[in-house]
Structure formats: C-alpha cells, structure tokens
Amino acid sequence: MLNRSPFERFYKNPILKRTDIPYFCNSVFNTAACMFRNEYLLLLRIEDLEGRSHLTIARSKDGINFIVDKKPWIVPSHDPDYEPYERYGVEDPRITQIEETYYITYTAFGPFGARIGIGKTEDFKKFERISLATEVDNKDGVLFPEKFNEEYVLITRPGGFGGQRGDIWISFSPDLIYWGKSRLLMRHTPGGWSSGKLGASIPPVKTEEGWLLFYHGVRETGSGRIYRVGAALLDLEKPHKVIGHTQHFVLGPEELYERVGDVPNVVFPCGAILEEDGTIKVYYGVADTAIAMATAKIDDIIRLCLSPYAK
Ligand code: BMA
C-alpha cells in the first residue's frame, strides 16, 4: 500500500485510553515522554470529569505497555502566584532533560487564557515550579535540551486563539524566568495544511544535520480544525535559523481513533523517544480522547526537511 507518511503506526493503537487510568476521568491524551532510570516515562494529560486537566505519570519497560500511577502528579497550583492562572487546568506537558534535571513546560489555563508554565524535577516525585514564562495567549512551549551562550532557549506560540492565525517564536533567558530577544521562527503557510496556526510539538531533538523540531499545523475547514504534524530542521549553533522543513505534513489524522473523539481530526504529539537504531517513537494525543504511538526513521524525516519535494 502506498504510504504517504514516513510514520508507521503501532498496530494496537491507541496505547492508552480512559479505561487504562486507575481513577475516573473523561479522557487521556497529549503526553510528554522521556527515558528515566531505564524506563519509558510518559507524563499524561488527563481531563477529569469536570473538564479540567492535570498531569499523571505512566511508566513502561518497552515503550508500549504502560502502567499508570494511581494518583495525579501535577495538579493546578494553590500557590497565589500561580493559582489564578492554572485554575482551569494544567495541559499539554513537554519534558526536556538538561543534565540531571528534567524541565517540564506546560500550558497553564485559567480565566485569563493560556500561559506557558515551567517547572523542574530530578526524581519525578518532587515538582518545583520555576515561572510562568509568558503572559496570556501563548502556549506550545518547548525548551531546548542545551543552553546556547549560557542562555536557555524556549520556543512558544503567541496568538492563535479563537480562530486567529498563530506563528512559532523563539526566546532566550539566563534563568528560565526572564525571557527576551524574542523573534519569529516559523510562519503558518497561507493556503496550506498549516494555514490556520502552528505550534511546536516536541522539544527539539539533536541530530548531526541540525535540531529536528516536530510541530503541529492547523487547517480551518467548514467542519472544524484539522491538526497535523510537520517537521523542521534548525541550525545546530543558531537555533533561530531554520535550515529546512517538510513541504507537506508527515503525520495526519487517518485512522478512526484519530478521526473520531471529543475533538475530531486531531493528532497532537508532545513527546518522543529517539532509539539507538535511529528510530523515533512519537507519542501523540488522538482526537483529544486517547494516546497513540507511531515510529519513523529519523533519517527519513531529515531527508524530507532538506529536500522537501522528495517522495
Ligand atoms: C489545541 C490544544 C490541544 C488540543 C488541540 C485540539 O489548541 O489545546 O491541547 O489537543 O487544541 O483540541
């Protein structure tokens, strides 16, 4: 069969559903991923029965069969500095390891809108909040796993709410609190598959050819939005420089579990694991209802970024 995508879906997708969570909830979807103490670790976005999200850990030896913690790990904060901004939930986590520390970026959602939160852990037990890095109307924050000239680098997506256009930006910080030197990184493509808005999906993955950045693109249609995934390569030394990007999306809703759910036609990755053999396992939320996994050869994705018209 002709496969228009470099990804191969796991044959028993979805790998995690509401019924795999050991407590009552509405859904489990967009998930961060990392390796921790020789295990695959996912940080799941779980939406409770009130419609608010929190984050819960799941662990696995093989990257497919996960055991989910009995209790949530990161819930909306009661700290007065955070509470007004996280009141409606903590969403869409991403994990970035820098040395021994795992930084978690997430969407803080409250009555004023969405902001990007940053926190850290070393043991996946104690979680310490560091900052709300942006004002409202910003989400899809992913942190680079390395510092550049002693500065942390964060990719964000300001705007894009209520059907507005939204592009990907990049900012720099000495301490993860004060952010600046912001500049545009990637624009949505008018008329294309990401004509509505764009947002970073997975923290950049280092390859010999550049930083590989998976991002999602949204197309507005007569019957709602379609969320798909593309990839770009960023310069190894100058992360604000795009070397190339795929001409078309590399993963889009196709299977029934990606097409049907609380929010139809959504594939939404927030985490991936690069294996030693060059295979990348991408974990993605499907239709805001469950979690699926698909694999690709990283070289195939890089080739599509560098020669976008290649088949
Ligand atoms: C985006 C985010 C994601 C969600 C997607 C589709 O704006 O809120 O959490 O998966 O919409 O509903």
Side-chain angles (χ1 to χ4, degrees), residues 14 16-18 25-33 42-48 50-56 74 76 85-95 104-117 134 136-142 155-169 188 193-203 214-221 223-230 249 251-255 257-272 282-294:
L16 279 170
K17 311 188 280 304
R18 177 180 64 80
C25 63
N26 176 65
S27 49
V28 53
F29 48 118
N30 310 337
T31 181
L42 298 184
L43 186 56
L44 314 171
R45 172 178 175 186
I46 295 180
E47 190 180 290
D48 66 21
E50 288 183 348
R52 296 183 184 179
S53 292
H54 59 262
L55 310 176
T56 298
I74 301 177
Y85 310 109
E86 301 191 353
R87 199 175 295 162
Y88 298 166
V90 286
E91 307 179 346
D92 299 354
R94 277 83 168 183
I95 299 173
I104 293 161
T105 52
Y106 60 95
T107 301
F109 184 44
F112 308 102
R115 304 178 70 178
I116 296 169
T134 66
V136 289
D137 274 6
N138 207 329
K139 52 164 67 171
D140 299 319
V142 305
I155 296 177
T156 67
R157 205 286 308 287
F161 290 83
Q164 299 291 308
R165 305 266 184 271
D167 300 312
I168 299 179
W169 289 63
H188 65 279
W193 64 270
S194 61
S195 54
K197 53 185 175 179
L198 291 173
S201 294
I202 297 170
F214 286 99
Y215 59 94
H216 60 263
V218 180
R219 185 183 184 118
E220 306 276 345
T221 78
S223 49
R225 297 181 182 138
I226 306 178
Y227 280 75
R228 300 186 177 108
V229 180
F249 58 87
L251 186 69
E254 210 165 293
E255 301 293 333
Y257 55 83
E258 299 164 338
R259 295 254 183 223
V260 178
D262 278 3
V263 182
N265 291 316
V266 177
V267 295
F268 201 94
C270 291
V282 169
Y283 295 91
Y284 60 107
V286 288
D288 286 10
T289 296
I291 292 171
M293 196 276 285

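Both counts, for ligands and for their atoms, begin at 1 and track the order of listing.
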### Query
Is the closest basic N to carboxylate O distance between D140 and R94 below 4.0 Å?
yes
Heavy-atom contacts under 4.0 Å between [X] and ligand 1: side chain, backbone, both, or neither?
{"X": "R45", "answer": "side chain"}
{"X": "R225", "answer": "neither"}
{"X": "T107", "answer": "neither"}

### Task
Rounded to the nearest 0.5 Å, what's the gap from CD1 on I116 to OG1 on T134? Could you check?
4.5 Å
### Task
Starting at CD1 of I226, measure out to OG of S194 and round the result to the nearest 0.5 Å.
12.0 Å
Tell me which protein heavy atom sits closest to [atom], plus the residue, atom name and distance to 0.1 Å.
{"atom": "atom 8 (O) of ligand 1", "result": "K139 NZ, 3.1 Å"}
{"atom": "atom 12 (O) of ligand 1", "result": "D288 OD2, 2.7 Å"}
{"atom": "atom 3 (C) of ligand 1", "result": "D92 OD2, 3.2 Å"}
{"atom": "atom 7 (O) of ligand 1", "result": "Y227 OH, 3.2 Å"}

### Message
So if I count the atoms of ligand 1 from 1 in the order they appear, which ones are less than 4.0 Å from some heavy atom of V263?
### Response
12 (O)
### Message
Please list, in number order, the atoms of ligand 1 under 4.0 Å from a heavy atom of F268.
### Response
3 (C), 10 (O)
### Message
Quick check on side chain to side chain donor-acceptor pair (under 3.5 Å): which of D262, D288, T289 does N26 satisfy it with?
### Response
D262
### Task
Report yes or no: do S53 and R45 form a side-chain donor-acceptor pair below 3.5 Å?
yes
#### Entry: Greater than 12 external heavy atoms within 6.0 Å of R259's CZ
yes
### Query
Between E258 (side chain) and E255 (backbone), is there a donor-acceptor pair under 3.5 Å?
yes
